[in-house]
There are 2 protein chains.
Amino acid sequence: MTFQEKASQAIREAGGRMTAQRQIILELLETSDEHLDAEELHRRARVQDSDISLATVYRTLNTLQEAGLVQQRYHSPEHSRKYVEPVHADEEYHFTCRNCRRVMPFHSELMQQLKQQLEAELNVQVFNACVCVDGLCPECRASSHKE
Amino acid sequence: MTFQEKASQAIREAGGRMTAQRQIILELLETSDEHLDAEELHRRARVQDSDISLATVYRTLNTLQEAGLVQQRYHSPEHSRKYVEPVHADEEYHFTCRNCRRVMPFHSELMQQLKQQLEAELNVQVFNACVCVDGLCPECRASSHKE
DNA sequence: GATGCTATTGCAACCTATTCTCAATAAGAA
DNA sequence: TTCTTATTGAGAATAGGTTGCAATAGCATC
């Protein structure tokens, strides 16, 4: 079942409706492999429907998140902007360079372990973990040494 | 060297000045073991100086952060508010209940490992890692099962 | 296909956390 | 004490996101 099919079904099951606007947003989420924020999503959605509003993008993302179909990520250490992606098996986290703002994605089995540890020790159920690491990327690290 | 001494020194070295307002904020940061946000800090600072402004609190926190003396933490998954704490040896992270909003702090040596892994694999230098985990706390987990 | 209920939409106003502008003040070096 | 300029308080501004409302449009039912 594709992401779009899963999403339509989840929306229906929650008593919601499939609209043209939601179709567009789902398609963009599924086909893009980049991380999108609401504004970028809005920009792209307008190519297909120039009337679609930013508020609709935000509302759709919230609906999808409640249904557990997309998850938020923050890239910068300031966490000033939410990025969104379909929920996948492989979870990606981000390192941001404090100097040049570059974002480097990474994977780590340690995050899976962390979730398990929390579920065992705190007796909680984990839905989502957000990790933002910041520091200096290889280039900025090298150039800061030179000075 | 106490936190306040270190901070005064760092501020001086950066060509800054020690002011009464900064003293108050440093003292609050050092003596409180809770996590404070800018507004709570402002509220408490006003007990000592009723004229101190919220902008000054924010500015001081930014100055301290640039000097590496305090670090930000986010408690809720929405990351709507920054909390701040002096940089310590023992790093604390937070789990937030999606249902009742309760915040449970936790420690994990896995985070230390994650940093080391990143430094080794990505060849970066890590300054700070922020982890926000959300899900259901033991109580909400139990009551959601009953329904 | 037409009808009716109500979820969804676009728009604009709103909210909240944080930053900025600017004139006045006050560190602290000389 | 004087002078330079970092810092301050006040309030306006900004940014990202949310909300109220009247109009629109899914979609279940006739």
Side-chain angles (χ1 to χ4, degrees), chain A residues 4 7-26 35-43 45-46 48-67 70-84 101 130 132, chain B residues 4 7-26 35-43 45-46 48-67 70-84 101 130 132:
Chain A
Q4 286 189 62
S8 314
Q9 189 179 314
I11 288 173
R12 290 261 164 67
E13 277 168 11
R17 294 169 184 175
M18 267 312 297
T19 63
Q21 292 90 333
R22 285 179 176 181
Q23 281 290 3
I24 293 172
I25 293 167
L26 288 174
H35 300 278
L36 304 171
D37 59 27
E39 240 159 315
E40 180 58 29
L41 217 38
H42 183 220
R43 206 170 297 127
R46 283 220 273 195
Q48 292 172 66
D49 172 358
S50 62
D51 279 342
I52 197 168
S53 78
L54 184 57
T56 294
V57 174
Y58 275 113
R59 281 186 287 228
T60 301
L61 289 178
N62 285 343
T63 303
L64 293 175
Q65 213 183 329
E66 274 164 34
V70 300
Q71 58 194 191
Q72 328 175 341
R73 290 280 175 259
Y74 293 84
H75 292 185
S76 70
E78 300 88 35
H79 296 210
S80 52
R81 195 177 266 278
K82 283 181 200 169
Y83 292 81
V84 95
R101 310 272 89 198
C130 165
C132 302
Chain B
Q4 286 188 62
S8 314
Q9 188 180 315
I11 288 172
R12 289 261 166 66
E13 277 168 10
R17 295 169 183 175
M18 268 312 297
T19 64
Q21 292 90 331
R22 287 180 174 179
Q23 279 290 2
I24 293 172
I25 294 167
L26 288 174
H35 300 277
L36 304 171
D37 58 27
E39 239 160 315
E40 180 58 29
L41 216 38
H42 183 218
R43 204 170 298 126
R46 283 220 272 193
Q48 291 172 67
D49 171 359
S50 61
D51 280 341
I52 196 168
S53 80
L54 184 55
T56 293
V57 175
Y58 276 111
R59 283 185 288 227
T60 302
L61 290 178
N62 285 343
T63 302
L64 293 175
Q65 215 182 327
E66 273 163 35
V70 301
Q71 59 195 185
Q72 329 174 338
R73 290 281 175 257
Y74 293 83
H75 292 183
S76 71
E78 301 90 34
H79 296 210
S80 51
R81 193 179 266 278
K82 282 183 200 165
Y83 291 82
V84 95
R101 311 272 89 194
C130 164
C132 300

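As the structure is a computational prediction, the values presented were derived from the model and not from experiment. In the text below, chain A, chain B and the rest are named by the order of the sequence lines, each starting its count at 1.
Protein atom CD of B:Q65 is 9 Å distant from nucleotide atom P of C:dT19, rounded to whole Å. Between the CD atom of B:Q23 and the C1' atom of D:dT8 there is a distance of 16 Å, rounded to whole Å. Note: CD1 (A:I11) to C1' (D:dA25) measures 16 Å, nearest angstrom. When rounded to the nearest whole Å, the span between CZ of A:R22 and C1' of C:dA7 equals 8 Å. Rounded to whole Å, the distance from CD on A:E66 to P on C:dT8 is 11 Å. Residue A:R46 contributes atom CZ, which lies 12 Å from atom C1' of C:dG10 at whole-angstrom precision. The distance between atom CG of A:L61 and atom P of D:dG16, rounded to the nearest whole Å, is 15 Å. The distance from atom CD1 of A:I52 to atom P of C:dT8 is 14 Å, rounded to the nearest whole Å.
Looking only at distances, a side-chain donor or acceptor of B:H42 sits under 3.5 Å from a matching main-chain atom of B:I52.
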Review point. Yes or no on side-chain contact (heavy atoms from CB on, under 4.5 Å) for B:L61 and B:L41, after CA distance, side-chain angles and deciding distance?
Key: CA-CA 10 Å; B:L61 290 178; B:L41 216 38; 3.8 Å; yes

Check your understanding: Can you list the steps and then say if A:N62 with A:Q65 is a side-chain contact (heavy atoms from CB on, under 4.5 Å)?
Key -> CA-CA 5 Å; A:N62 285 343; A:Q65 213 183 329; 4.3 Å; yes

Practice item. Begin from the C-alpha positions of B:T19 and B:T56 and carry the test side-chain contact (heavy atoms from CB on, under 4.5 Å) through to its verdict. Key: CA-CA 11 Å; B:T19 64; B:T56 293; over 6 Å; no

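A parallel orientation is assigned to the rings of B:H79 and A:Y74, their planes being inclined by less than 30° (bins at 30° and 60°).
Inter-residue side-chain proximity for B:M18 and B:L26 is flagged as met; some heavy-atom pair is nearer than 4.5 Å. By the 4.5 Å heavy-atom criterion applied to side chains, A:E40 and A:H35 are not counted as neighbours.
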Give each protein N/O atom lying under 3.5 Å from an N/O atom of nucleotides 17-20 of chain D, with the pair distance.
| unit_1 | atom_1 | unit_2 | atom_2 | d |
| --- | --- | --- | --- | --- |
| D:dG17 | OP1 | A:K82 | N | 3.1 |
| D:dG17 | OP2 | A:Y58 | OH | 2.5 |
| D:dG17 | O5' | A:Y58 | OH | 3.3 |
| D:dG20 | O6 | A:R59 | NH1 | 3.2 |

Distances under 3.5 Å only, N/O to N/O: pair up the protein atoms with those of nucleotides 23-30 of chain C.
| unit_1 | atom_1 | unit_2 | atom_2 | d |
| --- | --- | --- | --- | --- |
| C:dA27 | N3 | B:R17 | NH1 | 3.1 |
| C:dG28 | OP1 | B:R12 | NE | 3.3 |
| C:dG28 | OP1 | B:R12 | NH2 | 3.4 |
| C:dG28 | OP1 | B:M18 | N | 3.0 |

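Of all the heavy atoms in A:A38 and A:L54, the pair that sits closest is O-CD1, 3.9 Å. The minimum heavy-atom distance linking B:R17 with B:R22 is given by the pair O-NH1, 3.0 Å.
Put simply, A:T56 has a side-chain N or O that comes within less than 4.0 Å of OP1 or OP2 on C:dG10. OP1 or OP2 of C:dG10 has at least one side-chain nitrogen or oxygen of A:Q21 nearer than 4.0 Å.
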